[in-house]
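Order of appearance sets the numbers: ligands from 1, and atoms from 1 within every ligand. Just so it is clear, the model here is predicted, and its values are computed rather than measured.
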Amino acid sequence: REELSFIMIKPDGVQRGLISDIIARFERKGYKLVGIKVLVPTQALAAKHYAEHDGKPFFPKLVNFLSSGPVVAMVWEGKSVVKYGRTMIGATNPLASPPGTIRGDYGIDTGRNIIHGSDSVESAQREIALWFKAEELADYTPST
Ligand code: CMP
């Protein structure tokens with residue numbers, strides 16, 4: 001396998017109809033979708049996902065928000081997908097994200113910033129294990 005990243009469209013992105021646009025961006029860049037599911041995360045899952053922010057003032061709101069509706073959890077594979085995926089997503093604050101990035105094109109609010117992407121290869125491994133079973137990830141070579 002090449003590098004994997006955990007990419008999740010948050011409840012605001014789903015509600016606003018951005019699923020197809022976001023998937024298209026990763027596909028057109030040349031990344032490979034190897035896992036995808038729609039679910040409403042429990043508060044427990046949301047808290048585990050955001051464990052590194054536990055104790056911060058915005059943590060309860062963050063957990064409530066993530067479990068407030070359906071998310072699209074995905075695993076994308078490809079060269080430097082963690083780092084370049086973050087470039088495609090933009091900065092945490094959408095107002096600090098340039099046009100052309102997902103958050104730069106579609107958001108203005110840090111708390112509703114549409115999408116999550118793993119910040120390191122180690123985070124990606126932890127997050128993928130949290131959201132997916134090994135057998136839910138497809139291993140294939142796209143035909144050309
Ligand atoms: P994300 O990159 O998914 O990881 C942590 C999330 O916390 C971040 O996106 C924001 O949506 C959310 N958040 C809410 N408030 C803040 C804040 N004040 N600083 C940083 N992140 C915040």
Side-chain angles (χ1 to χ4, degrees), residues 1-140:
R1 275 204 192 281
E2 293 230 37
E3 190 170 294
L4 299 178
S5 188
F6 177 70
I7 304 288
M8 175 170 54
I9 306 174
K10 301 189 198 182
D12 55 325
V14 173
Q15 193 176 9
R16 291 179 53 203
L18 298 174
I19 296 172
S20 57
D21 178 278
I22 288 168
I23 290 175
R25 288 174 184 238
F26 280 85
E27 260 192 322
R28 289 176 188 150
K29 178 63 184 170
Y31 290 126
K32 184 166 77 171
L33 183 60
V34 299
I36 185 167
K37 62 170 86 168
V38 181
L39 72 160
V40 180
T42 61
Q43 297 237 344
L45 178 56
K48 274 190 197 164
H49 174 76
Y50 281 130
E52 67 170 297
H53 299 295
D54 197 350
K56 293 183 185 167
F58 59 85
F59 182 73
K61 259 173 52 179
L62 186 58
V63 167
N64 278 330
F65 177 59
L66 197 71
S67 49
S68 69
V71 303
V72 179
M74 298 180 281
V75 179
W76 286 88
E77 178 175 355
K79 225 175 279 177
S80 287
V81 64
V82 169
K83 186 154 184 255
Y84 200 83
R86 297 273 290 187
T87 300
M88 290 168 63
I89 288 168
T92 301
N93 178 356
L95 293 180
S97 303
T101 64
I102 294 165
R103 289 171 177 161
D105 284 347
Y106 299 133
I108 52 174
D109 188 350
T110 296
R112 293 179 182 264
N113 61 7
I114 303 157
I115 183 167
H116 165 86
S118 304
D119 64 5
S120 67
V121 170
E122 295 69 39
S123 300
Q125 286 166 355
R126 184 188 77 84
E127 291 166 0
I128 291 166
L130 186 60
W131 291 85
F132 285 89
K133 298 173 186 159
E135 62 266 28
E136 292 173 330
L137 302 182
D139 204 345
Y140 64 99

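Closest non-hydrogen pair, R112 versus F65, comes out as NH1-CE1, 3.2 Å. Heavy atoms only, all atoms of each residue included: V82 and D119 are closest at CG1-C, 4.0 Å. Scanning both residues, S118 and H116, for their nearest heavy atoms gives N-NE2, 3.8 Å.
The immediate protein surroundings of ligand 1, defined as residues with any heavy atom under 4.0 Å of it, consist of K10, Y50, H53, F58, L62, T92, R103, T110, N113, H116.
Annotation: side-chain hydrogen bond (donor to acceptor under 3.5 Å, both in side chains) contacts involving residues 76-104, sequence neighbours excluded, comprise R1-E77.
Between V81 and E2, the closest side-chain pair of non-hydrogen atoms is not below 4.5 Å. At a threshold of 4.5 Å between non-hydrogen side-chain atoms, the residues P70 and L39 do not count as touching.
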